[in-house]
Peer 1: 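First the structure, which I've put down as C-alpha cells, then a few questions once you've had a look.
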Amino acid sequence: MNTQQIREQLLDVCRNFRHNIEDNVVFPEPYIPYIPDNWNGVLVLCESQNLSKSSGSYYELLKSWSSDQRLNRLYEEDSKERDFVGVKPWDEGTLKLAVEAAFYDDLKAHQCAVSNSVMWSITNESRSKNLNPIPSMKKESSRLWDEMFKVFEPEKIITVGKVARTVIDDTDFKNRNLALRSSSSSFVSRIAGMFPSEDLLERYPVVKLVMDKHPEWKDKYIKNKIFYACHAVSMASCFKKANQNK
C-alpha cells in the first residue's frame, strides 16, 4: 500500500473521531499524521498543537478551511515549500537534529512520519492561553492511534514528553516506543546551561556531524538543541540495547 492509499484510509478513520466533549476544544476534527512518500517506518509524536492566539495566522488558516481540509492539515501544500508541517518542535529543527543524531546510521529525519499524540487542542475562552490536554482527549487519542495503527504500522515510535508517552502507552504499540523527555525550550534551558556545548559535542560527536550537515536546524536556541540531541542519542543507545536483548 502506497502513502496515498494509507492517507485515504487514515482520513476515513479520523472522520469517525470528532471530539465534542469540551466547549473549549478549538476544532473538533483530529488530523492524520504527515507520512512522506519515502517513509522509513519511524513515527515522531509531540504533544498537541498550540492553537492559542500565539499561533497567529495558522489558527486563522485552519478556521477558514473545510472539515476535510483540517483533517489533512499536516499536508497543506504551501507548508512543504516552507519546510513547515505544523508540529512546532519538528519545524524549528530541535527534533530533526535529535532524531537524526540518535539513529545516525539508520535513518534520515526527512523520511520520518510526524504528528502530535493528542489530536485536539484546548485553550481558555479568550484563546489567550493554550491549556494542557484533558484526560478524555488523551484517552480518545489513544483509541484513535490504535485504529490508525491498523492502517499503517510504524516500526518505531519516538514520543516527546510525558503526554505523548502516556498516550502511546495506552495503545497496542507501546513496546515500539522510544520515550524522550519534553523538548520545550523553557524546560530544556533549565538544564542545558549546566553543560558546556563544546564538552557535549566532544562526548557526542554524532550530534556535531548532523549539525554540520544541516546548519538550517541550528539557527535558534542552539545550546538547547545540542543538549536535547545528546539526550536523544543517549536514550536511543539504551533503547537499541534493550531491543537487542529481547
Side-chain angles (χ1 to χ4, degrees), residues 1 3 6-35 39-52 62 67-68 70-75 85-90 95 98-99 102 112-123 130-184 187 232 235-236 239 242-243 246:
M1 188 163 49
T3 52
I6 292 172
R7 180 177 171 184
E8 291 300 325
Q9 290 193 31
L10 292 176
L11 285 169
D12 286 339
V13 172
C14 282
R15 288 187 183 102
N16 295 320
F17 276 83
R18 296 169 186 271
H19 196 293
N20 296 307
I21 296 173
E22 295 292 325
D23 291 338
N24 289 342
V25 169
V26 182
F27 298 113
E29 299 88 0
Y31 46 95
I32 64 174
Y34 172 70
I35 305 175
W39 183 44
N40 57 18
V42 176
L43 172 64
V44 181
L45 293 177
C46 298
E47 184 177 298
S48 62
Q49 286 191 319
N50 179 350
L51 296 179
S52 66
L62 292 177
S67 181
D68 263 19
R70 286 196 286 268
L71 295 173
N72 266 298
R73 69 186 71 173
L74 302 188
Y75 282 87
V85 174
V87 179
K88 185 176 179 180
W90 184 262
L95 295 183
V99 168
C112 294
V114 186
S115 190
N116 289 298
S117 58
V118 178
M119 290 288 140
W120 299 274
S121 303
I122 55 174
T123 66
N130 192 59
L131 302 179
N132 293 327
I134 58 176
S136 62
M137 291 166 58
K138 291 186 282 188
K139 184 176 181 179
E140 192 76 347
S141 293
S142 297
R143 288 184 57 237
L144 175 52
W145 279 112
D146 261 335
E147 291 300 313
M148 290 200 290
F149 289 155
K150 293 176 183 177
V151 176
F152 81 115
E153 291 195 13
E155 297 172 11
K156 189 185 286 96
I157 303 170
I158 301 173
T159 55
V160 181
K162 182 178 179 180
V163 169
R165 175 178 57 80
T166 55
V167 168
I168 296 304
D169 277 351
D170 204 22
T171 73
D172 293 334
F173 277 62
K174 62 183 178 181
N175 292 329
R176 304 188 189 191
N177 181 31
L178 165 61
L180 302 181
R181 298 296 294 271
S182 170
S183 63
S184 165
F187 171 75
M235 295 297 291
F239 179 80
N243 281 276
K246 288 182 179 179

Peer 1: How far apart are the closest heavy atoms of P28 and W120, and which atoms are they?
Peer 2: O-NE1, 2.7 Å
Peer 1: Is there a donor-acceptor pair under 3.5 Å between the side chain of Y31 and the backbone N or O of C14?
Peer 2: no
Peer 1: Report the C-alpha distance between I32 and N72 in whole Å, list the side-chain angles of each, state the deciding distance to 0.1 Å, and finish with yes or no for side chain to side chain contact (heavy atoms under 4.5 Å, CB included).
Peer 2: CA-CA 6 Å; I32 64 174; N72 266 298; 3.8 Å; yes
Peer 1: Only counting residues at least two apart or in another chain, list the ones meeting side-chain contact (heavy atoms from CB on, under 4.5 Å) with D169.
Peer 2: R165, K174, N177
Peer 1: According to salt bridge (charged side-chain N to carboxylate O under 4.0 Å, His left out), who are the partners of R70, at least two apart in sequence or on a separate chain?
Peer 2: E29
Peer 1: Does R143 have any salt bridge (charged side-chain N to carboxylate O under 4.0 Å, His left out) partners at least two apart in sequence or in another chain, and if so, which?
Peer 2: E140
Peer 1: With heavy-atom distances below 4.5 Å as the criterion, would you say the side chains of L180 and T159 are in contact?
Peer 2: no
Peer 1: Test of understanding: with side-chain contact (heavy atoms from CB on, under 4.5 Å), list the residues that count as partners of T123, not counting sequence neighbours.
Peer 2: V26, S52, R127, N130
Peer 1: Please report the interatomic distance CE(M148) to CG(L11), rounded to the nearest 0.5 Å.
Peer 2: 10.0 Å
Peer 1: Locate the shortest heavy-atom distance separating C112 from V44; write the atom from each residue and the value.
Peer 2: CB-CG2, 4.2 Å
Peer 1: Would you please name every residue forming a side-chain contact (heavy atoms from CB on, under 4.5 Å) with S182, sequence neighbours left out?
Peer 2: S184, F187
Peer 1: Apply side chain to side chain contact (heavy atoms under 4.5 Å, CB included) to L43 and K156, showing your working.
Peer 2: CA-CA 6 Å; L43 172 64; K156 189 185 286 96; over 6 Å; no
Peer 1: side-chain hydrogen bond (donor to acceptor under 3.5 Å, both in side chains) with N40: which residues, sequence neighbours excluded?
Peer 2: none
Peer 1: Kindly indicate whether the side chain of V163, heavy atoms from C-beta on, has any atom under 4.5 Å from the side chain of K138.
Peer 2: yes
Peer 1: So, for F152 and I6, which heavy atoms are closest and what is the spacing to 0.1 Å?
Peer 2: CB-CG2, 3.9 Å
Peer 1: CG/L144 to NZ/K139 distance, rounded to the nearest 0.5 angstrom?
Peer 2: 14.5 Å
Peer 1: Run the ring-centre check on W90 versus Y34 and record whether the distance is less than 6.0 Å.
Peer 2: no
Peer 1: Just so I know, are the side chains of P33 and L10 near enough to count as touching, which here means a heavy-atom distance under 4.5 Å?
Peer 2: yes
Peer 1: What's the separation between atom CZ in R181 and atom CE in M235, rounded to the nearest 0.5 Å?
Peer 2: 8.5 Å
Peer 1: So do the side chains of M137 and I122 get within less than 4.5 Å of each other, counting heavy atoms only?
Peer 2: yes
Peer 1: Under the side-chain hydrogen bond (donor to acceptor under 3.5 Å, both in side chains) test, which residues partner Q49, sequence neighbours left out?
Peer 2: Y58, R73
Peer 1: Got a sec, which residues hit side-chain contact (heavy atoms from CB on, under 4.5 Å) with T171, two or more places apart in sequence or on another chain?
Peer 2: S142, W145, D146, F149, I168, F173
Peer 1: Check C46 against L95 and note the closest heavy-atom contact, atom names and distance.
Peer 2: SG-CD1, 3.2 Å
Peer 1: Would you indicate whether the side-chain heavy atoms of S67 and F27 approach each other to under 4.5 Å?
Peer 2: no
Peer 1: Quick one, P30 and L71 - any side-chain contact, counting heavy atoms below 4.5 Å?
Peer 2: yes
Peer 1: Mind checking what makes side-chain hydrogen bond (donor to acceptor under 3.5 Å, both in side chains) contact with Q9, not counting sequence neighbours?
Peer 2: none
Peer 1: Would you indicate whether the side-chain heavy atoms of V114 and L74 approach each other to under 4.5 Å?
Peer 2: no
Peer 1: Between F17 and S141, is any pair of side-chain heavy atoms under 4.5 Å apart?
Peer 2: no
Peer 1: What's the verdict on side chain to side chain contact (heavy atoms under 4.5 Å, CB included) for I35 and R7, showing C-alpha distance, side-chain angles and the deciding distance?
Peer 2: CA-CA 8 Å; I35 305 175; R7 180 177 171 184; over 6 Å; no
Peer 1: So which heavy atom on S48 is nearest to which on P133, and how close?
Peer 2: OG-CG, 3.9 Å
Peer 1: Show your reasoning for whether side chain to side chain contact (heavy atoms under 4.5 Å, CB included) applies to N116 and V87.
Peer 2: CA-CA 7 Å; N116 289 298; V87 179; 3.8 Å; yes
Peer 1: Among residues at least two apart in sequence or on other chains, which ones pass side-chain hydrogen bond (donor to acceptor under 3.5 Å, both in side chains) with D12?
Peer 2: R15
Peer 1: Quick one: list whatever passes salt bridge (charged side-chain N to carboxylate O under 4.0 Å, His left out) with K150, sequence neighbours left out.
Peer 2: E147
Peer 1: Which residues pass the salt bridge (charged side-chain N to carboxylate O under 4.0 Å, His left out) test with D170, sequence neighbours left out?
Peer 2: none
Peer 1: Can you tell me how far apart OG (S121) and CE (M119) are? Round to the nearest 0.5 Å.
Peer 2: 10.0 Å
